[in-house]
Amino acid sequence: MSEISDLPIEVTEAPAGEPVLQPSDLVGDVTFGSNAVPEGESRAQRLHRIRHSTAHLMAEAVVSLFPTAKVATGPSIEHGFYYDFDLPRTLTPEDLEEIERRMKKVAKRGMPFQKATMPIAQARELFEKAGQSYKVEVIDTIQEKQNPTEVTLYRQGAFVDLCAGPHVSSTSRLKHTKLTKVAGAYWRGDSNRPMLQRIYGTAWETQEDLDAYLQFLEEAKKRNHKRLGEELDLFHFHKESPGAAFWTPRGFTVVQSLQKYWRELGDRRGYQEIWNPLLYKKDLYVRSGHYEHYKDDMFIIHQEDTEYCLKPMNCPDTFLYYTSKRRSFRELPLRIAEGGILHRNELAGALNGLFRVRQFMQDDAHIFITEAQVQSEIAEVLDIVKEVYSLFGLSYEFTLSTRPEKFMGEPAVWDQAEADLRAALDGGGTVYAVDEGGGAFYGPKIDIKVNDCLGRKWQCATVQLDFQQPINFDMGYTASDNSRQRPIVIHRAVFGTFERFMGVLLEHTAGVLPTWMSPVQAVVVPISDKSTDYAFEVLAKLKAAGLRAEVDDRNEKMNLKIREAELRKTPYMIVVGEREAELGTCSVRTYKDGPRGAFEVSAIVAEIADKVKTREFDVKITPLRSFDNEDEAPVETESEY
RNA sequence: GCCUACGUAGCUCAGUAGGUAGAGCACUUCCUUGGUAAGGAAGAGGUCACCGGUUCAAAUCCGGUCGUAGGCUCCA
């Protein structure tokens, strides 16, 4: 029956489970016609066609290896495809190799993809008879949602699948592919439904593209922030506190440089910082609604008869500050920052380096405003976002999320708020997407995502309007007419969390931090211990300028010291020998530009101090190529609004 | 939380017909005083994640726990 069933099967155990017919056994009287491929497709469309077809090719190989396999769904995704299977046993790495071998064989043989159309009822019967219960469920969903009279099937070789297409003309187009990983995936993404086995693969038009992509994955691995954190001695993780970063002296220096900037920025932009407790009786969160909606994500401590919570966010306790006294309209906008330590009990399997942690610190702030101040204050916050991300050469995108189906408050207030958000975005000339119905139940929001070196998007900044908490906390202010009014709250974070932002920044720069953030901004390297005294003289001048510098006076050769400073990505390496000591100069080498020759000590101290003061982004960014849009330039390093 | 894989020296890793552990880097000491990415020698360092089981014998086989990675789910 199977085109490839004559291949040697290297399965040692007999697959268990109910025997399942394959649709290919049942379509004898169905006529499959040719599968026309249109002219003038974009590259993205061609890749989609190839990847989706490769998913079918893989399913054919899996079914030939496991005759009792049930197939679920197999779409194309960015850079490749996956297909979900219900299999009699778990897959091993050897299985993947065997599946890939079989795929290659069929690709080489060049089996045509053919298309057939049939009434949906007939298709349902066919897949039912074949025992392909997942496909039957898919058909039922199609019936429910679209209610078409007919559906299409595609066939290549021994494999027939319910599919809307499109596909390539022949499996001979599917030669540049590699299976990358196997993972569990819930059927229909529902954690209450069976877990299937998902095989991921990547597929390309040419071998060159495939090779380039695999190389990209290698490069991305090198830029992984966990690896960089280890290499640059910035942070560690320990099982004694899973999901929480342990910052080293070097790493903490970097974080503090960020926080120092954050505080200066807040000061300049009219924010006041408060500092509140970490631990609260549960009453606070009952009042804010978190206890009801967010309890599973909170760390809860029982102390004698009282239940305490480690705070998962700053809002409720900031509101306690707001309501601690009578407020006047003259105080608004009242901008209150709090970078409290937060704990969220994230699922163990969701933890991911600095990107997803259980303990973190946000550059959080809550702004209390009148309805009339929405637009101007949002514009002000967006301006801060632009300032901050531009400082790091990060590209980003805005999304406006509007009123969801379930919402609190008056539709008219929502409409006005959304119009204000749009006006603020439009006013800044900002390009943004709209996620209709994607807002929080308490108010619309603007999400800001940054792009990392892997092309992944990370949500760091968020700006949210909140009409609900002012009610929960009975916030008010006295208006000019002496009436009592309700303020609106803006929740905003720009870095998001310092942890995640550090992770994104490290991957973005491949670990090369700008001078102003570097744990050691300059290392003075004496050529021999004859020059050590002079090296310390130079060091004193660097320190006097407020710079983070040290002398490498170990009994080692200069070459080794240079090498280690380079590996640590130290921005400035200042070499001094007897010659420099005599002339009062120093020999400068930078991480960015290499050896630069002799300088007056005072000149180079001034240069470094200036870069630190202006927070110059003196980092050469080598963006990793974007693979799916050849027409597009590589990811821009300059911010684009 | 679910699926799969993994857990050997501070780090990166080797160690399969079960016979009480190795390399490189880092670290310590000594020699070396060297002009822009690794000078040389010696030494020290591990209850093989933890707990239990099988066995004369377990890093190795089995079970459990914890942690990590990649997915899934979640992400006010």
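Each chain gets a letter, A, B and so on, in the order the sequences are listed, and its residues count up from 1. Predicted model, so just to flag it, every value in this text is computed and none were measured.
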### Query
Does A:Tyr591 have A:Lys569 sitting over its ring (NZ/CZ under 6.0 Å from centre, angle to axis within 45°)?
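Relative to the ring axis of A:Tyr591, which defines the angle, A:Lys569 lies outside at least one limit.
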### Task
Determine the interatomic distance between C1' on B:A58 and the same-named atom on B:C62; round to the nearest Å.
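These two C1' atoms come out 11 Å apart once rounded.
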List the residues meeting salt bridge (charged side-chain N to carboxylate O under 4.0 Å, His left out) with [X], not counting sequence neighbours, and say none if there are none.
X        : value
A:Asp84  : A:Arg198
A:Asp552 : A:Arg554
A:Glu499 : none

### Query
Which residue lies toward the 5' end of RNA chain B, A:Met573 or A:Glu564, if each is placed at its nearest nucleotide?
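The residue mapped nearer the 5' terminus is A:Glu564.
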### Message
Would you say A:Arg568 places a side-chain N or O within less than 4.0 Å of OP1 or OP2 belonging to B:A37?
### Response
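False: A:Arg568 side-chain N/O out of range (4.0 Å or more) of B:A37 OP1/OP2.
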### Message
Quick check: any donor-acceptor pair below 3.5 Å linking the side-chain of A:Tyr186 to the base of B:G71?
### Response
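Check fails, no donor-acceptor contact within cut-off.
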### Message
Let's test your reading of the model: under 3.5 Å, does the base of B:G71 pair with the side chain of A:Gln197 as donor and acceptor?
### Response
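In this structure, the two groups form no donor-acceptor pair.
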### Message
Can you confirm if the aromatic rings of A:Phe85 and A:Tyr83 lie within a centre distance of less than 6.0 Å?
### Response
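A:Tyr83 vs A:Phe85: aromatic centres under 6.0 Å.
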### Message
Show me the pairs that pass salt bridge (charged side-chain N to carboxylate O under 4.0 Å, His left out) and involve residues 341-353 of chain A, at least two apart or across chains.
### Response
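Sorted result for residues 341-353 of chain A: A:Glu346-A:Arg356.
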Could you work out, with ring pair (Phe, Tyr, Trp, His ring centres under 6.0 Å) as the rule, every residue matching [X], not counting sequence neighbours?
X        : answer
A:Tyr134 : A:Trp187
A:Phe501 : A:Phe392, A:Phe495
A:Trp414 : A:Phe407, A:Phe467

### Query
In dot-bracket, 5' to 3', how would RNA chain B read with Watson-Crick or G-U wobble pairs under 3.5 Å, [ ] for crossing ones and | for pairs to another strand?
(((((((..((((.....[..)))).(((((.......))))).....(((((..]....))))))))))))....
Let me have the donor-acceptor pairs involving side chains of residues 571-584 of chain A, under 3.5 Å, with sequence neighbours excluded, atom names and distances please.
unit_1   : atom_1 : unit_2   : atom_2 : d
A:Tyr572 : OH     : A:Glu607 : OE2    : 2.5
A:Tyr572 : OH     : A:Lys611 : NZ     : 3.4
A:Glu580 : OE1    : A:Gly577 : N      : 2.8

### Message
Restricting to side-chain hydrogen bond (donor to acceptor under 3.5 Å, both in side chains), what partner residues turn up for A:Thr462, sequence neighbours left out?
### Response
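Only A:Asp447, A:Gln464 meet the side-chain hydrogen bond (donor to acceptor under 3.5 Å, both in side chains) criterion with A:Thr462.
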Each nucleotide N or O in nucleotides 62-69 of chain B that has a protein N or O under 3.5 Å away: list the pair and distance.
none

Pick out the pairs of N or O atoms, protein on one side and nucleotides 74-76 of chain B on the other, that lie under 3.5 Å.
unit_1 : atom_1 : unit_2   : atom_2 : d
B:C74  : O2     : A:Arg356 : NH2    : 2.9
B:A76  : N6     : A:His293 : ND1    : 3.3
B:A76  : N3     : A:His290 : NE2    : 3.3

### Query
Rounded to the nearest Å, what distance is computed from the CG atom of residue A:Leu560 to the P atom of nucleotide B:A37?
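In whole Å, B:A37 P lies 11 Å from A:Leu560 CG.
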### Query
Where the side chain of A:Met195 is defined as all heavy atoms beyond and including C-beta, which of B:A37, B:G71, B:G39 is the nearest nucleotide?
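For the A:Met195 side chain, the nearest candidate turns out to be B:G71.
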